[in-house]
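Order of the sequence lines sets the chain letters (A, B, ...), proteins ahead of strands, with each chain counted from 1.
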There are 2 protein chains.
Amino acid sequence: MDYKEKKVMTIGIVSELTGLSERQIRYYEVRGLITPSRSNGGTRKFSFSDVEKLVDIANKMEDGLQTFEIKEMERRKRRKEEEAKRRMIRGQINAAFRLRE
Amino acid sequence: MDYKEKKVMTIGIVSELTGLSERQIRYYEVRGLITPSRSNGGTRKFSFSDVEKLVDIANKMEDGLQTFEIKEMERRKRRKEEEAKRRMIRGQINAAFRLRE
DNA sequence: CGTGTAAGGAATTCTGACACG
DNA sequence: CGTGTAAGGAATTCTGACACG
């Protein structure tokens with residue numbers, strides 16, 4: 001829906017935008033760090049969101065992290081966000097009950 | 001700067017996004033209705049802004065307008081916007097002067 | 001005028017592999 | 001593990017032209 005999430009770029013442009021080599025980008029896909037979609041012919045299509053993610057990955061690689069570590073960081077981050085969401089919902093439910101009492 | 005203005009898409013994706021044929025898109029470029037940039041190799045690169053413009057063009061073509069008419073409409077629109085801007089600036093200058101008196 | 005199409009060539013991307021480390 | 005590279009093939013795009021209208 002959002003422009004940022006639309007998979008529209010080929011790998012060459014993503015390479016220019018991120019400064020990463022095509023080889024690196026393909027490798028990060030193999031490691032499951034990004035998930036570009038494909039055209040019917042098989043060419044990868046990336047979103048601006050993917051580009052942002054790649055820049056973040058590049059920074060972490062520079063810090064000496066390994067791909068599997070980066071992947072785990074993302075997993076943890078996602079869990080934290082989900083937890084925060086659940087807490088918020090619980091809080092709102094509690095608030096609603098308090099109003100009824 | 002903005003994602004919307006970044007020239008990142010090849011003509012095939014633009015064709016999918018707009019429903020227009022590549023032929024039509026190239027023709028609208030020749031007529032000066034859109035101005036994609038080029039890669040070093042010569043392939044066209046479009047922005048989401050271009051895509052929006054193309055959808056607008058497609059609608060006007062369906063209404064029976066000719067390319068030069070569409071181009072003129074854009075010229076008029078731009079002039080109006082510039083006028084509005086000038087009016088606004090003048091208004092603010094006048095307001096500032098009134099405050100000093 | 002606006003668009004389809006076949007033609008030939010060039011740019012782009014793809015995969016699997018070898019290499020280094 | 002992460003990345004460079006040469007290899008061969010396939011998908012994508014490009015231009016100029018002919019066609020129709």
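Between Gln24(B) and Ser39(B), the residue whose closest nucleotide on DNA chain C is further toward the 5' end is Gln24(B). Comparing Ile13(A) and Leu65(B) by the nucleotide of DNA chain C whose heavy atom lies nearest to each, the residue mapping closer to the 5' end is Leu65(B). Projected onto DNA chain D by closest heavy-atom contact, Phe68(A) and Gly41(A) fall at different nucleotides, the more 5' of which corresponds to Phe68(A). Along DNA chain D, the nucleotide nearest to Gly42(A) and the one nearest to Met61(A) differ in position, and the one closer to the 5' end is contacted by Met61(A).
With dG2(D), dG2(C), dT13(C) as the candidates, the nucleotide lying closest to the side chain of Thr43(A) is dT13(C).
When the C1' atom of dT15(C) is taken as reference, atom CD1 of Ile25(A) falls 16 Å away, rounded to whole Å. Taking atom CD1 on Ile11(A) and atom P on dT12(D), their separation rounds to 15 Å, with Å as the unit. Separating the NZ atom of Lys7(A) from the P atom of dT13(C) is a distance of 16 Å, rounded to the nearest angstrom. Nucleotide dG2(C) holds its C1' atom 12 Å from the CG atom of Leu33(B), rounded to whole Å. Straight-line distance from the CG atom of Leu20(B) to the P atom of dT3(C): 8 Å, rounded to whole Å. If you take CD of Glu29(A) and P of dG16(C), they are 12 Å apart, rounded to a whole angstrom. Whole-Å rounding puts the Asn40(A) CG to dT13(C) C1' distance at 15 Å. Atoms OH (Tyr27(B)) and C1' (dT5(C)) sit 17 Å apart, rounded to a whole Å.
Between Glu22(B) and Arg26(B) there is a salt bridge, since a side-chain N of the basic residue sits under 4.0 Å from a carboxylate O of the acidic one. Electrostatic pairing of Glu29(A) and Arg38(A) counts as a salt bridge here, judged by a charged N lying under 4.0 Å from a carboxylate O. In summary, Arg79(A) and Glu83(A) do not engage in a salt bridge, as defined by a charged side-chain N under 4.0 Å from a carboxylate O.
Not a single donor-acceptor pair under 3.5 Å links the side chain of Gln92(A) to the backbone N or O of Ile89(A). Thr18(B) contributes no side-chain N or O that, together with a main-chain N or O of Leu54(B), makes up a donor-acceptor pair within less than 3.5 Å. Checked by atom type and distance alone, the side chain of Asp50(B) pairs as donor or acceptor with a backbone atom of Ser47(B) at under 3.5 Å.
In this structure, Thr10(A) does not reach the dT12(D) phosphate: none of its side-chain N or O atoms is under 4.0 Å from OP1 or OP2. Look at Arg44(B) and you won't find any side-chain N or O under 4.0 angstrom from OP1 or OP2 of dT13(D). The side chain of Arg26(A) contributes no N or O atom lying less than 4.0 Å from OP1 or OP2 of dT5(D). Within the 4.0 Å cut-off from OP1 or OP2 of dG2(D), not a single side-chain nitrogen or oxygen of Tyr28(A) is found. Phosphate proximity of dT12(D) to Arg38(A): absent, as no side-chain N or O sits under 4.0 Å from OP1 or OP2.
Counting only Watson-Crick or G-U wobble pairs whose defining distances are both under 3.5 Å, the stems of 3 or more consecutive pairs in DNA chain C are C:2-5 with D:17-20, C:17-20 with D:2-5.
Using modelled atom types and a 3.5 Å distance limit, the side chains of Glu52(B) and Tyr3(A) yield a donor-acceptor pair.
Residue side chain Arg23(B) reaches the base of dT5(C) through a donor-acceptor N/O pair under 3.5 Å, judged by distance alone.
Within the nucleic acid shown, Arg31(A) comes within 4.0 Å of sugar-phosphate atoms alone, with no base atom in reach, counting heavy atoms only.
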Legend entry - Stepwise side chain to side chain donor-acceptor pair (under 3.5 Å) test for Tyr27(A) and Arg31(A): CA-CA 6 Å; Tyr27(A) 182 66; Arg31(A) 301 311 305 260; 3.1 Å; yes
